[in-house]
**Student:** 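Once you've had a glance at the structure underneath, I'll fire off some questions.
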Amino acid sequence: MRARKKTENPEFRHSLRRVPEWILPTARAAIFAADGALALACFLLAFYLREGRPILSPTAWAWSKDFVPYAGILFFAVPIRLAMMIYERMYRLQGAFSYTQEAFRIFKAVGVGSLLIVAVAFLFRGGFAFREFSYSRAVFFADFGLALVFFMAFRLGLRYVQTLFRRRGINLIPTLVVGKNAEAEQTVNELNAAPELGYEVVGKIDGLKDLPALVREFAIQEVIITDDRISSDRLFEAMMQIDRRKRVEFRFAPSLFNLMPQKTEVEQIGVLPVVTLFQEPLTDVERFVKRAFDLLIAAAAIIVSLPVWLVAALLVKLDSRGPVFFRQERVGMDGRIFLCYKFRTMRADADESLHREAYRKNIEGDSEANAGDAEKPVFGKVKNDPRVTRIGAFLRRTSLDELPQFLNVLRGEMSVVGARPPIPYEVEEYDPKHRRRLDMKPGITGLWQVSGRNRLSFEEMVRIDLYYIENWSLWLDLKIILLTLPAMLRGDGAR
C-alpha cells in the first residue's frame with residue numbers, strides 16, 4: 001500500500017507539545033468530580049453556619065437528627081449544580097475564553113441552580129416524613145453565597161492555570177486559516193500573539209482543495225475561513241470528506257454573509273469577532289431540553305428493551321454467518337459523518353451497489369424508483385432484495401433492527417426524533433435545497449416514518465423533514481414517539 005504523501009510546505013508545522021488524547025477527558029472528569037464535592041461542601045457548610053448544629057451524629061455513622069430533614073435535598077442539590085455547569089458549557093476546556101464571560105456564566109449557573117434547588121426543596125419537603133417541617137430560608141441563601149464565592153474562585157483559578165499552560169504551548173487547538181487576504185494575516189497575527197486564547201495556527205491555505213488531507217495530517221480541530229470566494233456548496237463538500245472522528249469546528253469572518261447559514265453563533269477570539277458555523281436551529285434552552293429528553297428516552301428504552309436485544313442478537317447469529325451488529329457510515333447534522341449501529345439484516349458480504357442505484361433513482365424521481373406498485377408504492381428500497389436474510393426481513397418489518405441506534409443517541413450523534421440519517425453516497429446526489437434536512441441531528445424515528453415512511457417519494461420526505469425542523473417542539477416529539485409504535489405494528493419498516 002502506497003504511503004500518503006506528506007505536506008512539504010514550509011508554512012505548515014506539526015505541533016511540538018501535543019498532549020495525549022486521554023488528558024482532556026481525564027481533566028474534565030476530575031473537574032466534574034471537584035464541582036460535585038464543592039456543591040456538597042457548600043450546602044453542608046451553609047447548614048452549619050446558619051444552624052450552628054452538627055451535621056453528623058456523634059454516636060454513629062449517620063446524619064445528625066437536626067440535619068436529617070436536609071439530607072434528602074443533597075440528592076437533587078448536587079445534580080442540579082452539576083447540570084447547570086454542563087448547561088453553561090463550563091467543561092469546555094478548549095478555545096478562547098474571557099474572565100468576564102466566565103464569571104457571568106458561573107453566576108448564571110449558580111443563580112439558576114439555587115432557584116431550582118429552592119423550588120424542588122419546598123416541593124419535596126423531605127418526603128412524606130417531613131411534610132410539616134419548615135426549612136430555613138437562610139440556609140439556601142447561605143448556600144447560594146458560598147457556592148458563588150467558591151465556584152467563582154475555583155473556576156477562575158482553573159482558567160488562570162490553563163492560561164499558564166497555554167503560554168507554554170500546551171492545550172492549544174491546531175488551527176488552519178483559509179485565505180490569503182488581509183483578514184487572514186490579521187487572524188494569524190492575533191492568534192500567534194496571544195497563545196492564551198488557546199489556538200495554534202498550523203498554516204494557511206488559499207482554498208478548500210487540500211483541506212481534508214491537511215486535517216488528517218496535522219490533526220486540525222478548527223478551521224477559520226476568511227476568503228469570501230468560497231461557496232457554501234464547496235464548504236459542504238469539504239466537510240463531507242473529513243473523517244467523522246475529527247470533529248472539526250468551522251468558523252468564518254462575519255463579513256462573509258454569502259456563507260452564513262441559518263444556524264450561527266457569534267463569538268470573539270481575542271479582538272477577532274468570528275461566527276461559528278452549523279449550530280442546531282434551536283435556542284440554547286430548546287437544545288438543552290431536546291438533549292435531556294433524548295438521554296432520558298434512550299436510557300429507558302435500552303433498559304426496557306434489553307431482553308429483545310438479547311433475543312435479536314441470538315437470532316441474527318443463528319440465521320447467518322457474520323457479526324451481530326452492522327455498522328455503517330451515515331451523514332449526521334451538517335454533513336458530519338458517524339457510524340450508525342443496527343442489527344445486521346443482510347448477508348455479511350452484501351454489495352451496496354444495489355441500494356446505491358435504487359436511491360439515485362429515488363432522488364432523481366425516476367419512475368423505476370418505485371419498488372412496489374401504484375397502489376402501494378415503496379421508494380428508496382431494492383425490490384425483492386436478495387441480500388436480506390430471513391431474520392433480517394422480520395427485524396426490518398418490525399423496525400427492531402434499529403434498536404442499537406439508541407447507542408448513537410447516547411453518543412450525541414443522533415436524536416430519538418429527527419430526519420432519517422442518509423448514507424454518504426445518497427448525500428452526494430443531493431441538490432443544495434435537499435441539504436437543509438441535515439440542519440438537525442437525524443433521528444431513530446421521525447415525522448417521515450409516521451407519515452408513510454417508504455411510501456413517500458424523496459421530495460415528499462424532504463418537505464416533511466423541513467416541516468419538522470422549522471416547527472420543532474417537545475410536544476411534537478412526544479406525538480411522533482406515540483405514533484411510532486402503531487407504525488411498527490403495521491410493519492412500515494418493510495415497505
Side-chain angles (χ1 to χ4, degrees), residues 1 4 208 211-217 219-221 223 233-250 278 280 294 298 316 322-363 380-382 385 387-388 392 395-396 399 401-416 418-431 434-446 448-449 454 458 461-462 465 493:
M1 181 176 179
R4 187 175 74 245
L208 298 178
L211 180 61
L214 291 170
V215 166
R216 289 191 295 269
E217 182 174 340
I220 301 298
Q221 296 177 23
V223 177
D233 289 347
R234 182 67 191 94
L235 175 60
F236 185 90
E237 291 172 3
M239 291 181 64
M240 284 282 294
Q241 297 171 20
I242 294 175
D243 193 324
R244 62 182 177 276
R245 294 166 294 186
K246 301 302 181 184
R247 297 185 179 275
V248 180
E249 196 74 62
F250 286 81
F278 310 121
E280 288 184 83
D294 282 343
V316 169
V324 169
F325 295 106
F326 174 63
R327 300 188 303 168
Q328 184 181 48
E329 285 192 342
R330 294 291 181 111
V331 182
M333 188 175 69
D334 300 311
R336 298 187 186 277
I337 306 297
F338 70 97
L339 280 181
C340 182
Y341 298 101
K342 301 177 72 174
F343 283 119
R344 183 173 56 84
T345 60
M346 297 186 294
R347 298 194 313 270
D349 59 350
D351 184 5
E352 69 175 21
S353 61
L354 290 175
H355 183 266
R356 180 192 290 260
E357 179 63 18
Y359 222 89
R360 182 189 64 78
K361 293 179 179 179
N362 186 31
I363 294 175
K381 294 286 186 180
V382 178
D385 196 338
R387 304 170 301 167
V388 179
L395 293 176
R396 287 188 171 198
S399 297
D401 62 318
E402 298 177 359
L403 281 177
Q405 290 177 16
F406 282 112
L407 298 176
N408 292 112
V409 175
L410 294 180
R411 289 164 57 93
E413 298 157 336
M414 293 181 65
S415 181
V416 174
R420 169 188 169 274
I423 304 171
Y425 61 71
E426 297 175 28
V427 179
E428 291 173 4
E429 303 289 338
Y430 279 11
D431 291 335
H434 298 148
R435 293 174 181 171
R436 288 185 57 203
R437 67 186 301 268
L438 303 177
D439 281 355
M440 284 179 68
K441 291 179 183 178
I444 299 176
T445 185
W448 61 275
Q449 186 181 53
N454 298 113
F458 177 75
M461 181 187 71
V462 171
D465 286 340

**Student:** Decide yes or no on side-chain contact (heavy atoms from CB on, under 4.5 Å) for Arg330 and Ile423, but give the supporting numbers first.
**Tutor:** CA-CA 5 Å; Arg330 294 291 181 111; Ile423 304 171; 3.6 Å; yes
**Student:** I need the Glu413 CD to Leu407 CG distance, nearest 0.5 Å.
**Tutor:**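 Taking CD in Glu413 and CG in Leu407, the distance rounds to 9.5 Å.
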**Student:** So His434 and Met461, side-chain contact (heavy atoms from CB on, under 4.5 Å) or not? Walk me through it.
**Tutor:** CA-CA 10 Å; His434 298 148; Met461 181 187 71; over 6 Å; no
**Student:** Could you tell me which residues satisfy salt bridge (Lys or Arg N to Asp or Glu O under 4.0 Å) with Arg437, sequence neighbours excluded, listed by chain and number?
**Tutor:**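 By the salt bridge (Lys or Arg N to Asp or Glu O under 4.0 Å) rule, Arg437 matches Asp465.
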**Student:** If you take all heavy atoms of Leu211 and Ala238, which pair is closest and at what distance?
**Tutor:** CD2-CB, 4.1 Å
**Student:** At their closest point, which heavy atom of Leu395 faces which heavy atom of Val316, and how far apart are they?
**Tutor:** CD1-CG2, 3.7 Å
**Student:** For Arg327, what residues pass the salt bridge (Lys or Arg N to Asp or Glu O under 4.0 Å) criterion, not counting sequence neighbours?
**Tutor:** none
**Student:** Can the ring centres of Phe325 and Phe343 be said to be less than 6.0 Å apart?
**Tutor:**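 Here the rings of Phe343 and Phe325 have centres that are less than 6.0 Å from each other.
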**Student:** Ignoring hydrogens and geometry, is there a side-chain-to-backbone donor-acceptor pair from Arg344 to Met346 under 3.5 Å?
**Tutor:**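 Yes: the side chain of Arg344 pairs with the backbone of Met346.
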**Student:** Taking Asn408 for the side chain and Met414 for the main chain, is one N or O donor matched with an acceptor at less than 3.5 Å?
**Tutor:**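 Judged by distance alone, no pair lies under 3.5 Å.
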**Student:** Does the pair Glu426 and Arg420 meet the rule for a salt bridge (Lys or Arg N to Asp or Glu O under 4.0 Å), with working shown?
**Tutor:** CA-CA 12 Å; Glu426 297 175 28; Arg420 169 188 169 274; 2.9 Å; yes
**Student:** Between Thr345 and Asp401, do the side chains contain an N or O donor and an N or O acceptor separated by less than 3.5 Å?
**Tutor:**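 No, no side-chain donor-acceptor pair sits under 3.5 Å.
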**Student:** Nearest 0.5 Å, please: how far is CG in Asp294 from CZ in Phe406?
**Tutor:** 9.5 Å
**Student:** Are any of the side-chain heavy atoms of Gln221 and Glu249 separated by less than 4.5 Å?
**Tutor:** no
**Student:** Please lay out, stage by stage, how Gln405 and Lys342 fare under the test side-chain contact (heavy atoms from CB on, under 4.5 Å).
**Tutor:** CA-CA 6 Å; Gln405 290 177 16; Lys342 301 177 72 174; 3.5 Å; yes
**Student:** Would you mind reporting whether Pro404 and Phe326 have side-chain heavy atoms less than 4.5 Å apart?
**Tutor:** no
**Student:** When you compare the side chain of Met440 with that of Ser415, does any pair of heavy atoms fall below 4.5 Å?
**Tutor:** no
**Student:** Between Arg396 (side chain only) and Val388 (backbone N and O only), is there a donor and an acceptor less than 3.5 Å apart?
**Tutor:**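 No; zero donor-acceptor contacts below 3.5 Å.
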**Student:** Do Val331 and Pro421 touch side chain to side chain, with heavy atoms closer than 4.5 Å?
**Tutor:** no
**Student:** Evaluate Met333 against Asp439 for side-chain contact (heavy atoms from CB on, under 4.5 Å), listing each step before the verdict.
**Tutor:** CA-CA 6 Å; Met333 188 175 69; Asp439 281 355; over 6 Å; no
